[in-house]
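Computation of the quantities below employed the complete heavy-atom set of this structure, encompassing side-chain atoms and omitting hydrogens, waters and symmetry-equivalent molecules. If you're wondering where the values come from, they're calculated on a predicted model, not measured in any experiment.
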Amino acid sequence: MPLLDARAVLYKTYRELDRRVKQAASHDETCLRFMAILGVGPIAALTCRAAVDDPARFTSSRTVAAHFG
């Protein structure tokens with residue numbers, strides 16, 4: 001029973017974090033654009049948004065690709 005209780009708590013925490021990530025992505029216009037691409041979800045969209053931050057600092061798409069490695 002203790003293992004099942006621990007699993008229930010972990011699952012509840014996971015659901016809350018998942019809800020927060022989806023909410024954060026759905027309130028950001030850039031993330032919504034990313035998520036319009038097939039296969040890009042809220043986590044990938046938020047990751048790209050956070051990594052690029054200010055697109056003006058990149059001179060071309062090649063420098064963005066180099067930034068990500």
Side-chain angles (χ1 to χ4, degrees):
M1 285 309 267
L3 288 176
L4 290 175
D5 292 339
R7 183 191 176 280
V9 170
L10 286 172
Y11 185 68
K12 182 179 176 184
T13 304
Y14 160 77
R15 296 283 298 185
E16 175 62 23
L17 291 173
D18 187 56
R19 185 190 65 77
R20 288 183 187 184
V21 165
K22 288 178 181 177
Q23 184 179 24
S26 69
H27 288 103
D28 188 332
E29 184 180 331
T30 304
C31 288
L32 289 173
R33 287 184 191 167
F34 276 126
M35 289 189 301
I37 300 169
L38 185 64
V40 177
I43 292 175
L46 285 169
T47 302
C48 287
R49 176 76 167 116
V52 171
D53 191 34
D54 181 20
R57 67 187 176 129
F58 297 103
T59 56
S60 70
S61 61
R62 284 184 176 201
T63 57
V64 175
H67 175 72
F68 285 110

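Sorted pairs that involve residues 60-69 and meet salt bridge (Lys or Arg N to Asp or Glu O under 4.0 Å), not counting sequence neighbours, are lacking altogether. Residues in residues 47-58 take part in these side-chain hydrogen bond (donor to acceptor under 3.5 Å, both in side chains) pairs, two or more places apart or across chains: Asp28-Arg49. Here ring-ring contact (aromatic ring centres under 6.0 Å, His included) pairs that include residues 36-56, with residues two or more places apart or in two chains, number zero.
When all heavy atoms of Leu32 and Ser26 are compared, the pair lying nearest together is CD1-O, 3.6 Å. Annotation for His27 and Gln23: closest pair ND1-O, 2.6 Å, computed over non-hydrogen atoms.
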In a table with atom names and distances, give each donor-acceptor pair under 3.5 Å that connects a side chain of residues 33-44 to protein atoms at least two apart or in another chain.
{"from": "Arg33", "atom 1": "NH2", "to": "Glu29", "atom 2": "OE2", "distance (Å)": "2.7"}

Output a table of donor-acceptor pairs, distance under 3.5 Å, between side-chain atoms of residues 1-12 and any protein atom two or more places apart or on a different chain; print 'none' if there are none.
none

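Phe68 forms part of a hydrophobic cluster together with Val52, Phe58, Val64, judged by ILVMFWY side-chain heavy-atom separations under 4.5 Å.
Residues that satisfy the side chain to side chain donor-acceptor pair (under 3.5 Å) test with Arg15, not counting sequence neighbours, are absent from this structure.
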